[in-house]
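So the structure is just underneath, and the comments pick up after that.
Counting starts at 1 for both ligands and their atoms, in listed order. Since the model is a prediction, treat every value here as computed from it, not as a measurement.
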Amino acid sequence: MSKAIGAVSLVGAGPGDPELITVRGLKRLQAADVVVYDELAGKELLAFCRPGVELVYVGKRCGKHAMEQERINGVLVERALAGLRVVRLKGGDPFIFGRGGEEMAELVRSGVQVEVIPGVTAAASAGAAAGVPLTHRELSSGVIFLTGHERPDKPESTIDWQALARTRMTLCIYMGVKKIAQISDQLIAGGLEVDTPVAIVSRASWADQSSLFVSLGELAAGTTGEVPAPALAIIGEVARFPAMVSALAETASVS
Ligand code: SAH
């Protein structure tokens, strides 16, 4: 077996607030010769790079990739094989809807060593931002991460939304805002009540983060309007938690 010569760190940048990267991720960033980053990977983090670092932007704008995936892989492989310390900085966690697996496979195929440094994924950050625990002993015994946007070349959705409705678990939907009305419709058809609470969390951990609390029925009816991107939907009984907590706070202050 050939020995890997170069190395790339796939680093999770977290959801946007630069303070949410891990200590190890920050260390790799500070030591890097090359940083390949995309749109959601907290640009403020780049200020921690050393002078003279090569910064390569490969994000997407208006749905168009600044650089195709093959080109991104090419840049990573070339720089790593040249002996440079390469960081591939990715929003959230590299292995959750981040194509980290695809990049890793390509790097390994090219004889490059890969290290993965996990990050705070958007669902965790959205839960924190909205005050919604993703699991709760009385409300939900599990959480499922899903994408609302599958590859456009897939003939039909591989996600059985109706079956998911029957799990009664918390559903965290990434990249789903555009399709949220159809998704909600399917979940209702699968047996979720129209008054199932939903939190739509926009720009979690950013200075302008916001949360919208609605019902699944309202989403299915398309009455909730636009929300700022990026946004994530948390569907399930746990989304009732902030209301429960404020009721508790009211009784506490009456003493
Ligand atoms: N690897 C990333 C996810 C990339 S997919 C992670 O682990 O978080 C991009 C989707 O993530 C967006 O469409 C949105 O649904 C979600 N997302 C990313 N950052 C977010 C943020 N700060 N607030 C809310 N949703 C976010």
Min over Gly12, Pro230, Gly91 of heavy-atom distance to atom 24 (C) of ligand 1 lands on Pro230

Atom indices of ligand 1 within 4.0 angstrom of Ala204 heavy atoms, with elements: 21 (C), 22 (N), 23 (N), 24 (C)

Side chains of Val114 and Val108: closer than 4.5 Å at any heavy-atom pair? yes

Examine the proximity of ligand 1 to Val177 and report which part, side chain or backbone, both or neither, has a heavy atom under 4.0 Å away. neither

Any nitrogen or oxygen of Thr121 lying under 3.5 Å from a nitrogen or oxygen in ligand 1? Just yes or no. yes

What about Ser205: any of its N or O atoms under 3.5 Å from an N or O on ligand 1? no

Given that the side chain starts at C-beta and the backbone is N, CA, C, O, which of these parts of Ala231 lies under 4.0 Å from ligand 1, counting heavy atoms, or is it both or neither? backbone

Look only at interatomic distance and state if Ala122 has a nitrogen or oxygen under 3.5 Å from any nitrogen or oxygen of ligand 1. yes

Side chain to side chain, Arg50 and Asp33, heavy atoms closer than 4.5 Å: yes

Looking at Trp206, which atoms of ligand 1 are within less than 4.0 Å of one of its heavy atoms? 22 (N)

Polar contacts were defined as any N/O atom of the residue lying under 3.5 Å from an N/O atom of the ligand; does this apply to Met175 and ligand 1? yes

Below 3.5 angstrom, do we get any N/O pair linking Gly176 and ligand 1? no

Residue portion contacting ligand 1 (non-hydrogen atoms closer than 4.0 Å) for Lys90: neither

